J.: 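Below you'll find the structure I mean.
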Amino acid sequence: MIPTDDTADTGAAPESGYTFGYLDEQTKRMIRRAILKAVAVPGYQVPFAGREMPLPYGWGTGGIQVTASIIGPDDVLKVIDQGADDTTNAVSIRRFFRRVTGVATTERTAEATLIQTRHRVPETPLGPGQILVYQVPIPEPLRMMEPRETETRRMHALADYGVMHVTLYEDIAQHGRIATAYNYPVTANGRYVMSPSPIPKFDNPKMHDAPFLQLFGAGREKRIYAVPPHTSVVSLDFEDHPFQVQSWERICDLCGADDSYLDEVIADDEGSRLFVCSDSDHCAGRRAAGYRGPRADSQAGVALTDAMAAVKREHERDRPAPPSSEEMGP
Amino acid sequence: MYVAVKGGEVAIDNAHQALAEARRGNTAVPDLTVAQIREQMGLAVARVMAEGSLYDPDLAALAIKQAWGDLPEAIFLVRAYRTTLPRLAVSEPVDTARMLVRRRVSATFKDLPGGQVLGPTFDYTHRLIDFALAAEGGPPPPRAPEADRPLDPAMPRIADILGAEGLIEEETPGQGETGGGANAVPDLTRQPLTYPAGRAVRLQALARGDEGFLLSLAYSTQRGHGNSHPFVGEIRMGEVAVEIVPEDLGFPVIIGDVTVTECQMVNQFAGSKTVPAQFTRGYGLTLGYNERKAMAMSLVDRALRHGELGQEAPAQDEEFVLSHADVVEASGFVQHLKLPHYVDFQAELDLVRRLRRATAEDEGNAVRASEAPT
């Protein structure tokens with residue numbers, strides 16, 4: 001994104017004593033090399049010398065390292081976990097990048113140039129100028145079938161994916177359907193079987209022929225892989241059991257959306273449920289545009305909306321307009 | 001009653017404040033100083049330095065204070081700090097034969113050149129709670145008596161003595177591990193771990209591996225999971241000089257001393273058609289005084305050397321051991337399970353409901369079929 005003077009969304013000054021993006025320049029260069037290789041070979045897992053980050057393994061250290069090595073001062077960063085900007089881990093990672101880069105952050109999908117995500121692809125379609133960075137716990141799609149790295153690397157080299165098809169077939173034989181609801185394996189660019197990270201299979205179609213760059217970082221396992229723009233990403237299936245995404249008999253109780261991924265929220269101690277968009281920006285945007293769900297005015301619905309709005313207010317307080325930026329301190 | 005579901009920045013801030021308060025404890029009790037931790041909790045400091053892969057007692061002591069005494073958390077703090085440090089130079093190999101020894105024991109020979117030096121050890125203490133220690137402000141313990149004569153400066157390593165007779169296998173550098181060039185020895189903190197790892201990387205991974213994990217693996221080799229007949233050839237602990245060769249000088253310069261613990265485990269090998277019977281080695285080396293860890297490391301190193309020929313027991317399986325030995329990785333991934341998983345769980349919930357519905361329908365059909373008149 002080209003920065004303009006009238007961008008109201010300025011970040012803070014980065015924390016002194018640390019390099020921009022926390023990582024030293026040699027480390028960033030090493031990670032960028034790995035990313036370039038990953039982009040050149042879609043779906044291939046490139047080993048990289050992952051570093052310990054100040055957030056624990058399992059919290060998104062791979063995604064954080066990828067973001068840290070490609071982020072620039074003009075980027076606008078959005079961080080989501082479970083689709084939402086207000087989940088604790090998303091808040092923590094966003095705060096980390098504000099501290100070590102000072103870049104502008106946003107919760108609006110359309111405004112972001114760089115989006116780091118855990119477990120979701122945003123509902124709002126991304127465009128060519130945007131990069132989506134996935135946090136990946138286990139990059140190896142074959143790991144649960146073959147625990148040994150030496151074996152799985154050989155299997156990838158030979159495109160020996162029989163074991164994966166057999167696993168999916170066994171599901172059909174036992175349950176009548178494929179019993180994988182998230183982290184559903186895909187083939188990237190017709191060659192490598194790849195883990196889409198633990199996104200629900202609902203999101204898999206959004207990865208196919210996407211106009212934006214998709215980068216995947218696995219910190220503990222020290223692997224980076226990528227799907228460049230306009231690359232085929234096909235979910236594995238069988239002719240007589242075609243790939244299907246989840247669908248709901250419900251609509252979002254807050255905004256009424258009937259085409260988004262819904263989270264189930266236990267609303268009270270009598271077990272009554274609310275179904276709400278997992279993508280909090282999508283839901284808030286629809287409500288701002290006047291859409292109302294069936295239970296938007298219920299006690300629980302109002303409380304939930306209030307909680308999300310409180311986070312929004314915090315964001316606004318954290319990124320004041322340029323003249324008052326001194327409040328942020330160094 | 002409404003159940004709060006959403007967190008946010010305020011909640012995180014408050015949690016951090018609660019942590020800071022809990023960490024400090026009762027403020028009527030004086031604040032623990034970093035110097036106190038460094039001086040009086042030296043073994044904790046040593047473990048944090050060893051598994052944190054950074055030799056800095058003050059920083060390790062500070063990390064222990066900040067981590068509320070949780071050593072894996074302190075190790076994590078040190079590792080994350082290490083990420084911000086450039087690698088300025090690669091040292092020459094430290095020479096443990098020239099160690100300023102504080103402790104040196106061998107279980108294989110009653111006496112040996114240089115003698116047995118017990119040094120500071122728990123080995124022969126009776127583990128009785130010393131209630132006298134609870135009385136604070138008492139006089140410091142009397143100084144330990146000094147030997148009549150200084151230690152023999154020549155204190156050859158047992159393995160070298162056995163080696164002179166050809167009774168123990170030679171320790172030869174692996175491929176790409178010779179020469180003094182900066183890139184001669186691979187650096188686990190600068191290169192990803194790939195398999196097969198090679199011994200140099202393996203030893204690095206073990207040296208920073210979790211003490212508890214390595215201890216249990218070492219123990220398993222003694223209980224039949226992997227054949228081993230180990231003897232402690234030698235354990236030595238003390239200070240060694242670290243030297244670097246600055247490019248513009250061309251000769252080694254000592255940049256400081258570090259405390260290390262080294263363990264040479266000697267194992268029996270009955271010999272084969274091509275190799276005569278001899279002893280083999282397992283090697284352990286840690287930053288700081290970490291004797292239990294150094295011993296466990298040497299047993300696991302030896303077990304993994306068997307793994308070069310074929311895997312049998314867990315401790316002999318290189319991928320299994322090295323992939324799971326790091327406490328920062330293990331602690332992070334186990335504990336990440338407490339992060340939100342609403343989306344994936346929702347997907348599973350949906351799937352389980354569908355499967356149950358399908359089963360119920362099948363059973364319903366089966367019941368109707370059996371009730372149908374024939």
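Small disclaimer: the values here were computed from a predicted structure and weren't measured. Convention: sequence-line order gives letters A, B, ...; per-chain numbering from 1.
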J.: Please flag which part of B:L188 lies under 4.5 Å from any non-hydrogen atom of chain A: side chain, backbone, both or neither.
T.: neither
J.: Roughly how far, to the nearest 0.5 Å, is the CG atom of B:L355 from the CD atom of A:Q174?
T.: 10.5 Å
J.: Return the CZ to OG1 distance between B:R87 and A:T27, rounded to the nearest 0.5 Å.
T.: 10.5 Å
J.: Are any of the side-chain nitrogens in B:R353 or A:E264 under 4.0 Å away from the carboxylate oxygens of its partner?
T.: yes
J.: When you measure from the side chain of B:T83 to the backbone of A:E52, do you find a donor-acceptor pair of N or O atoms at a distance under 3.5 Å?
T.: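 Checked: pair present.
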J.: Which atoms of A:R153 are under 4.5 Å from chain B, going by heavy atoms: the side chain, the backbone, both sets, or neither?
T.: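 When you check distances to chain B, no heavy atom of A:R153 falls under 4.5 Å.
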J.: Chain B heavy atoms under 4.5 Å from A:L262: which part of the residue, side chain, backbone, both or neither?
T.: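 Looking at A:L262, just its backbone touches chain B.
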J.: Between A:S247 and chain B, which part of the residue has a heavy atom less than 4.5 Å away: side chain, backbone, both or neither?
T.: both
J.: Could you report the tightest heavy-atom contact between B:A347 and A:Q246, atom names first, then the distance?
T.: CB-NE2, 3.3 Å
J.: Does any backbone or side-chain atom of A:P147 lie under 4.5 Å from a heavy atom of chain B? Answer side chain, backbone, both or neither.
T.: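 The answer is the backbone of A:P147.
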J.: Would B:D13 and A:R95 satisfy salt bridge (charged side-chain N to carboxylate O under 4.0 Å, His left out), going step by step from the backbone distance to the final call?
T.: CA-CA 11 Å; B:D13 282 338; A:R95 181 179 283 188; 2.8 Å; yes
J.: Tell me, for B:F76 versus chain A, whether the close heavy atoms (under 4.5 Å) come from the side chain, the backbone, both or neither.
T.: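 Side chain of B:F76 only, per the 4.5 Å heavy-atom cut-off to chain A.
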J.: Can A:R148 and B:E318 be counted as an ion pair, charged N to O under 4.0 angstrom?
T.: no
J.: Might you confirm whether atom CD of B:Q66 has over 12 heavy atoms from other residues, nucleotides or ligands at distances under 6.0 Å?
T.: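 No.
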J.: Tell me, side chain or backbone of A:Y184 under 4.5 Å from chain B's heavy atoms, or both, or neither?
T.: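 Contact with chain B: none, neither part.
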J.: Would you sort out whether B:H336 and A:Q135 count as a side-chain contact (heavy atoms from CB on, under 4.5 Å), showing the intermediate values?
T.: CA-CA 12 Å; B:H336 108 284; A:Q135 301 172 196; over 6 Å; no
J.: Considering only heavy atoms, which portion of B:T189 lies under 4.5 Å from any heavy atom of chain A: side chain, backbone, both, or neither?
T.: backbone
J.: Any side-chain to backbone donor/acceptor pair from B:E319 onto A:T150? Under 3.5 Å, distance only.
T.: yes
J.: Would you mind telling me which of A:T61, A:L23, A:T180, A:L55 has the largest number of heavy-atom pairs within less than 4.5 Å of chain B?
T.: A:L55
J.: Is a donor on one side and an acceptor on the other found under 3.5 Å between the side chain of A:Y261 and the backbone of B:V343?
T.: yes
J.: In terms of heavy-atom pairs under 4.5 Å with chain A, which of B:L339, B:D344, B:L193 leads?
T.: B:D344
J.: Is the number of heavy atoms from other residues, nucleotides or ligands under 6.0 Å of B:F213 CZ greater than 12?
T.: yes
J.: To the closest 0.5 Å, what do you measure between CZ (B:F345) and CG (A:D263)?
T.: 11.5 Å
J.: Using a cut-off of under 4.5 Å on heavy-atom pairs, state which of A:R177, A:M30, A:E25 scores highest against chain B.
T.: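 Heavy-atom pairs under 4.5 Å are most numerous for A:R177.
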J.: Below 4.5 Å, heavy atoms only, C-beta onward: do B:L351 and A:Y182 meet side chain to side chain?
T.: no
J.: Within the structure provided, determine whether B:R190 and A:R51 are in side-chain contact (heavy-atom separation under 4.5 Å).
T.: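 In contact.
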J.: Of all heavy-atom pairs between A:W59 and B:Q335, which one has the smallest distance, and what is that distance?
T.: CH2-O, 3.3 Å
J.: Determine yes or no for a side-chain-to-main-chain donor-acceptor pair under 3.5 angstrom, with A:R118 supplying the side chain and B:P340 the backbone.
T.: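 Yes; at least one donor-acceptor contact below 3.5 Å.
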J.: Quick one about A:S278 and B:Q346 (side-chain donor to acceptor, distance below 3.5 Å, no hydrogens or angles considered), yes or no?
T.: no
J.: Should B:Y342 and A:V265 count as side-chain neighbours, where that means a heavy-atom distance under 4.5 Å?
T.: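 The answer is no; the side chains never approach within 4.5 Å.
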J.: Pick one of side chain, backbone, both or neither for A:I178, based on which atoms fall under 4.5 Å of a heavy atom in chain B.
T.: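 Contact with chain B: backbone only.
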J.: Measuring heavy-atom distances to chain B, does A:F202 have an atom under 4.5 Å in its side chain, in its backbone, in both, or in neither?
T.: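 Contact with chain B: none, neither part.
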J.: Any salt bridge between A:R220 and B:D326, counting N to O under 4.0 Å?
T.: no
J.: So which heavy atom on A:Y22 is nearest to which on B:Y81, and how close?
T.: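 The pair with the smallest heavy-atom distance is OH-N, 4.2 Å.
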J.: We want to know whether B:R354 and A:H175 form a side-chain donor-acceptor pair, criterion being a heavy-atom distance below 3.5 angstrom.
T.: no
J.: Side chain, backbone, both or neither: which part of A:E249 has an atom under 4.5 Å from a heavy atom of chain B?
T.: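 Just its side chain gets close to chain B.
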J.: What part of B:F320 gets closer than 4.5 Å to chain A, counting heavy atoms only: side chain, backbone, both or neither?
T.: neither
J.: What option among A:P198, A:P200, A:G83 has the most heavy-atom pairs under 4.5 Å with chain B?
T.: A:P198
